[in-house]
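Atom set for the values below is all heavy atoms of this structure, side chains included, hydrogens, waters and symmetry mates excluded. Sequential numbering from 1 along the given sequence is applied to the chain's residues.
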Amino acid sequence: GALITHDSDEDTYQQKLGKYEKILTAAELVARSLNNIACVYVEVGKLEAAYVTLEEAKELILQMIQKMKRKCKKYPEVSLRSIKTALTVCAMNIGYLQLRR
């Protein structure tokens, strides 16, 4: 994705660390926003639209986790905990929708 940029050899450790944290925060915000949109779809009875939106959020999160795992092996300070929490919330809502189908 577009959120992952190429590292410059001139970037310091701290610059790379800050960049990765910003990327993860942005991805988490997008995923949480999609989750919120899906909740609105549920409230207005558009379950299929909610499901599609949650699947999109889930895919975004999974892709980001995979990319950041590879990128951040050298940066133990970067935590994937909060984006994994967003994935859990998303998965729970997908499960809820599957039960309602």
* Leu54 reachable from Leu60 in the ILVMFWY side-chain graph, under 4.5 Å edges -> no
Inter-residue atom distance [X].[atom1] - [Y].[atom2], 0.5 Å rounding:
| X | Y | atom1 | atom2 | value |
| --- | --- | --- | --- | --- |
| Leu34 | Ile61 | CG | CD1 | 8.5 Å |
| Glu55 | Leu62 | CD | CG | 9.5 Å |
| Asn35 | Cys90 | CG | SG | 6.0 Å |
| Leu87 | Glu59 | CG | CD | 9.5 Å |
| Lys19 | Ile23 | NZ | CD1 | 6.5 Å |
| Thr53 | Ile94 | OG1 | CD1 | 10.5 Å |

* How close do Ala27 and Ile83 get, heavy atom to heavy atom, and via which atoms? ->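 For Ala27 and Ile83, the tightest heavy-atom pair comes out as CB-CD1, 3.9 Å.
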* Where Met68 and Tyr20 come nearest, the two heavy atoms and their spacing ->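 Closest approach of Met68 to Tyr20, heavy atoms only: CE-CB, 3.4 Å.
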* To do: Sorted by first residue and then second, give each salt bridge (Lys or Arg N to Asp or Glu O under 4.0 Å) pair with at least one member in residues 25-39; sequence neighbours left out.
  =>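 Matches after skipping sequence neighbours: Glu28-Arg32.
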* Listed partners of Glu21 passing salt bridge (Lys or Arg N to Asp or Glu O under 4.0 Å), at least two apart -> none
* Residue pair Tyr51, Arg100: steps toward the side-chain contact (heavy atoms from CB on, under 4.5 Å) verdict -> CA-CA 11 Å; Tyr51 186 79; Arg100 287 200 48 185; over 6 Å; no
* Kindly write out the residues that satisfy side chain to side chain contact (heavy atoms under 4.5 Å, CB included) with Gln15, not counting sequence neighbours, or none if the list is empty. =>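 Testing Gln15 for side chain to side chain contact (heavy atoms under 4.5 Å, CB included), a comparison that skips the adjacent residues, returns Asp11, Thr12.
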* To do: Could I get the full list of side chain to side chain contact (heavy atoms under 4.5 Å, CB included) partners for Lys69, not counting sequence neighbours?
  => Ile65, Gln66, Leu80
* Hydrophobic side-chain clustering at under 4.5 Å (ILVMFWY, transitive links): who's grouped with Val52? Put none if nobody. => none
* **Partners passing side chain to side chain donor-acceptor pair (under 3.5 Å) against Arg81 (at least two apart in sequence or in another chain)** =>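 Partners of Arg81 by the side chain to side chain donor-acceptor pair (under 3.5 Å) criterion come out as none, since no residue qualifies.
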Give every donor-acceptor pair under 3.5 Å between a side-chain atom in residues 37-50 and any protein atom, sequence neighbours left out.
{"residue": "Glu48", "atom": "OE1", "partner": "Arg101", "partner atom": "NH2", "Å": "2.8"}

